[in-house]
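Chain identifiers are assigned alphabetically (A, B, ...) following the order of the sequence lines, protein sequences preceding nucleic acid strands; residue numbering begins at 1 within each chain. What you see below is based on every heavy atom in this structure, not just the backbone, and it leaves out hydrogens, waters and symmetry mates. Just so we're clear, the structure is a prediction, and the values are computed from it rather than from any experiment.
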There are 2 protein chains.
Amino acid sequence: MREVAQLAGVSRMTVSRVVSDPDVVLPATRDRVNRAIADLGYVPDKAAGGLSSRRTGFVALMLPTLTNANFASVAHGLTEVLRGSDYDLLIAYTDYDLGEEERQLRNLLARRPEAIVLTGASHSREIARLLLAANIPILEIADLPHRPIEHVIGFSNHEVGRTAARYLLDRGFTRLGAIGAVYDGSVLDHRGEERIRGFEEELRRSGLPTTGVIRHGIAPLSYDHGVGALQELQRRAPDTQALFAVSDLSAVGVVMECQRQGLRVPDDLSIMGFGNFEIGREINPPLTTINVDFHGLGSQTGRLIVDLLGSATPPAREAAHRVDVGLAVIERNTVRPA
Amino acid sequence: MREVAQLAGVSRMTVSRVVSDPDVVLPATRDRVNRAIADLGYVPDKAAGGLSSRRTGFVALMLPTLTNANFASVAHGLTEVLRGSDYDLLIAYTDYDLGEEERQLRNLLARRPEAIVLTGASHSREIARLLLAANIPILEIADLPHRPIEHVIGFSNHEVGRTAARYLLDRGFTRLGAIGAVYDGSVLDHRGEERIRGFEEELRRSGLPTTGVIRHGIAPLSYDHGVGALQELQRRAPDTQALFAVSDLSAVGVVMECQRQGLRVPDDLSIMGFGNFEIGREINPPLTTINVDFHGLGSQTGRLIVDLLGSATPPAREAAHRVDVGLAVIERNTVRPA
DNA sequence: CTGAAAGCGCTAACAT
DNA sequence: ATGTTAGCGCTTTCAG
């Protein structure tokens with residue numbers, strides 16, 4: 001910056017102004033400075049700027065994995081909104097690893113984000129404390145935790161499971177199954193477990209057995225989870241008529257395994273998934289699933305952040321937001337009509 | 001930090017040492033400081049630290065998209081290695097948008113990464129200049145550009161196309177097709193275009209027509225690209241026997257569309273893809289494809305970075321690395337045996 | 001082994 | 001409209 005100032009024949013302060021608030025500088029001066037910036041390939045150091053202004057200009061997003069299209073949609077929605085308000089989005093991911101989550105969080109916090117968006121569970125006391133101590137907006141998304149750290153924008157995974165069960169029940173099925181991951185008490189697949197519990201609850205309400213509810217393998221779930229889980233289901237509850245998979249990927253695996261076994265979908269087995277992944281639309285027959293507007297979830301999160309950071313009011317912790325973005329069944333052809 | 005120092009009854013300098021080089025501090029002092037750190041929930045400000053030490057402790061990774069499992073593997077491999085050397089990985093993505101690429105790059109550069117890993121094309125003069133001016137290692141991965149900015153760790157996309165063509169030719173097919181995206185001169189799908197050109201080249205060498213080479217839709221490619229492209233192919237070269245899709249996702253779309261049309265794969269049409277995506281293994285029949293060790297590519301990149309940053313030698317620009325990680329055909333069942 | 005002084009690159013606050 | 005001064009939170013360097 002010093003060089004730029006010299007080349008343009010102004011003080012460093014003027015260079016700073018040209019970069020952050022150009023309108024306040026005389027056009028002639030501004031042009032001179034801009035030319036110097038271009039000539040020198042000067043890129044302002046945001047870390048130094050942030051140190052001084054107490055504004056780092058970025059929001060952190062913690063993702064459990066990089067490969068989930070729905071989380072990518074969230075990132076999309078977020079980015080779109082934040083870009084309009086001149087915040088960057090920096091992404092870290094944990095690979096569904098608890099230790100890694102804490103590590104990454106510390107790293108992120110050490111760079112002083114202005115807000116932090118969490119998709120993991122992050123509920124160890126230690127982590128929650130660290131987060132709160134940072135004194136920035138904390139947003140938990142893609143779930144509706146009972147005891148949130150602060151703001152929540154999400155949907156009820158429990159309700160996802162109940163909705164699936166009701167949908168299947170409404171179509172007259174009585175031998176229902178569900179497949180998810182083994183829940184080992186860690187929070188790795190917290191959300192999938194919630195879905196499966198919602199499903200079980202609805203089964204119990206209807207006085208139906210839960211023998212078809214299979215917890216198989218560990219999260220994150222993918223296609224081959226579906227094939228393994230189906231095989232286990234066939235051993236434990238061979239008369240199952242309709243099946244809910246806590247993830248579309250798993251559901252697709254089930255459909256593929258059915259093809260291999262010569263089982264007709266939905267005639268021999270009805271299947272529904274969750275997440276409305278693109279592959280579900282492409283397979284034969286196309287997969288019935290439950291959709292959540294993840295992109296909208298991301299934009300809403302972005303808007304809330306901008307609001308929160310924009311208001312000069314000190315962080316009123318008591319006014320935590322809680323938004324349920326809801327969900328919807330997407331009817332396609334893997335569930336036999338009533 | 002001031003508070004921590006006070007609470008522990010030491011100078012701020014001692015706190016700094018406990019955080020960054022604990023062994024040099026007397027155990028008793030160290031314990032006292034650590035307790036103060038824990039009590040106060042102190043998280044050191046890396047931006048401030050970096051400003052002073054000229055080491056920001058992070059490496060930037062620019063990805064075109066968040067939803068590609070292969071790029072996620074790269075990130076994985078990179079993270080594993082970097083973690084061992086105490087660097088963070090910060091990820092930005094461009095959504096295959098050129099303007100966004102430059103924006104993100106500036107943002108990243110403004111935070112002073114110690115090295116930058118690029119997967120995009122990034123070859124505008126302006127960008128290359130900015131990158132070089134940053135005076136940090138620049139690594140381009142997942143391709144083997146002719147005129148690299150600096151280091152390159154990747155594979156030849158051109159060779160991917162040639163390998164696919166040769167594989168199909170070797171099996172006795174003479175009516176070959178390929179599907180990729182429309183290449184509009186921008187660098188959005190540079191890699192896919194390279195693959196398709198390699199395929200065409202091999203066709204020409206064998207004196208075969210390239211009428212079955214279809215550029216359809218725009219990148220990034222997904223399942224529905226395959227269905228649209230197949231339909232176009234059927235119009236333009238209905239007698240095609242074997243088809244190479246520049247992406248597995250597109251190839252899977254083709255297989256699904258064949259199922260719908262009642263075409264038998266591979267009897268009526270042979271198909272091969274690229275990328276070895278998980279879904280290819282699950283469909284029926286499983287997809288023949290070309291694999292690249294993306295995880296290894298990531299670790300190698302990480303190791304090179306650690307080397308480069310570790311050596312006290314000034315960045316010897318002339319000694320740019322160039323590594324070809326190669327590729328391999330994965331034979332499954334969508335190509336009819338010779 | 002620990003501390004004091006100086007300064008990293010930038011901007012807030014106050015001049016002018 | 002532009003410049004000056006002070007200082008953001010930390011580490012380097014040098015003393016002790």
Side-chain angles (χ1 to χ4, degrees), chain A residues 1-34 36-37 40-58 86 106-114 133-136 312, chain B residues 1-34 36-37 40-58 86 106-114 133-136 312:
Chain A
M1 174 183 244
R2 157 152 269 127
E3 294 179 43
V4 174
Q6 255 158 6
L7 210 171
V10 297
S11 74
R12 292 183 305 152
M13 197 54 232
T14 300
V15 176
S16 171
R17 277 192 268 256
V18 169
V19 169
S20 47
D21 189 11
D23 294 338
V24 87
V25 175
L26 214 60
T29 320
R30 186 171 54 214
D31 292 348
R32 212 151 17 94
V33 172
N34 275 326
I37 287 177
L40 262 33
Y42 168 69
V43 177
D45 186 326
K46 288 201 191 190
L51 190 55
S52 179
S53 68
R54 328 284 290 118
R55 292 203 57 243
T56 52
F58 84 97
D86 227 48
R106 282 184 180 278
N107 280 331
L108 246 20
L109 251 21
R111 303 191 190 281
R112 303 293 187 260
E114 297 195 40
N135 207 41
I136 54 174
Chain B
M1 175 184 241
R2 157 152 270 127
E3 294 179 42
V4 174
Q6 254 158 8
L7 210 172
V10 297
S11 73
R12 292 182 304 153
M13 198 51 236
T14 300
V15 177
S16 171
R17 279 193 265 256
V18 169
V19 170
S20 48
D21 189 11
D23 294 338
V24 86
V25 175
L26 216 57
T29 320
R30 186 170 54 213
D31 292 347
R32 210 149 21 91
V33 172
N34 277 326
I37 287 177
L40 264 30
Y42 168 70
V43 178
D45 185 327
K46 288 201 191 187
L51 191 55
S52 182
S53 67
R54 328 282 292 117
R55 290 204 57 244
T56 52
F58 84 97
D86 227 46
R106 282 184 181 278
N107 280 332
L108 245 22
L109 250 22
R111 302 191 189 282
R112 303 292 186 260
E114 297 196 39
N135 207 39
I136 52 175

Original post:
Is the distance from OP1 or OP2 of C/dG9 to the nearest side-chain N or O of B/R54 less than 4.0 Å?
Top reply: yes
Original post:
Does the side chain of A/S53 get closer than 4.0 angstrom to OP1 or OP2 of C/dT11 through an N or O atom?
Top reply: no
Original post:
Which of the following nucleotides, D/dT2, D/dC10, C/dT11, is nearest to the side chain of A/T14?
Top reply: D/dT2
Original post:
In terms of side-chain heavy atoms of B/V25, which of C/dG9, C/dT2, D/dT11 is nearest?
Top reply: C/dT2
Subject >> Between D/dG9 (C1') and B/L40 (CG): distance, integer Å >> reply: 15 Å
Original post:
Which residue, A/R106, A/R112, A/R54, A/R111, forms the salt bridge (Lys or Arg N to Asp or Glu O under 4.0 Å) with B/D45?
Top reply: A/R112
**OP:** Consider the side chain of A/R17, meaning its heavy atoms from C-beta on, and name the nucleotide among D/dC10, C/dA13, D/dC8 that approaches it most closely.
**Re:** C/dA13
Original post:
Tell me, do A/K46 and B/N107 make a side-chain contact under 4.5 Å, heavy atoms counted?
Top reply: yes
**OP:** Just compare D/dT11, D/dT13, C/dG9 and give me whichever is closest to any side-chain atom of A/S52.
**Re:** C/dG9
Subject >> Note, B/V25 side chain near B/V33 side chain (heavy atom, < 4.5 Å) >> reply: no
Subject >> Check: A/V24 main-chain N/O paired with A/D21 side-chain donor or acceptor under 3.5 Å >> reply: no
**OP:** On DNA chain C, check which nucleotide each of B/G9 and A/S20 is closest to and give me the residue with the more 5' one.
**Re:** B/G9
Subject >> Distance, nearest 0.5 Å, that separates CG of A/D23 from CZ of A/R30 >> reply: 6.0 Å
**OP:** Report yes if a side-chain nitrogen or oxygen of A/S16 is closer than 4.0 Å to either non-bridging phosphate oxygen (OP1 or OP2) of C/dC10; otherwise report no.
**Re:** no
Original post:
Toward the 5' end of DNA chain D, which comes first, B/M13 or B/A47, by nearest nucleotide?
Top reply: B/A47
Subject >> Out of D/dT2, D/dC10, D/dT11, whichever nucleotide has its closest atom nearest the side chain of B/D45 >> reply: D/dC10
**OP:** Mind calculating the distance between CE (A/M1) and P (D/dT4) to the nearest angstrom?
**Re:** 14 Å
**OP:** Between D/dG3, C/dT11, C/dG7, spot the one nearest the side chain of A/R12, thanks.
**Re:** C/dT11
Subject >> A/K46 NZ - C/dT11 C1' separation (whole Å) >> reply: 15 Å
Original post:
Checking all strands, does A/R2 fall into the base, sugar-phosphate, or nothing category for heavy-atom contacts under 4.0 angstrom?
Top reply: nothing
Original post:
If each of B/V10 and B/R112 is mapped to the nucleotide of DNA chain C with the nearest heavy atom, which maps nearer the 5' terminus, i.e. the 5' end?
Top reply: B/V10
Subject >> Rounded interatomic separation in angstrom, taking CD from B/E3 and C1' from D/dG9 >> reply: 13 Å
**OP:** Figure out the CG/C1' separation between B/L109 and C/dG9, and round it to whole Å.
**Re:** 16 Å
Subject >> Nucleotide D/dG7, atom C1' - distance to CG of B/L51 in whole Å >> reply: 12 Å
Subject >> Closest nucleotide among D/dG9, D/dT11, D/dT2 to the A/T29 side chain >> reply: D/dT2
**OP:** Write down the distance between CZ (B/R111) and P (C/dG9), rounded to a whole number of angstrom.
**Re:** 17 Å
Original post:
So, for B/L108 and B/F58, which heavy atoms are closest and what is the spacing to 0.1 Å?
Top reply: O-CZ, 4.5 Å
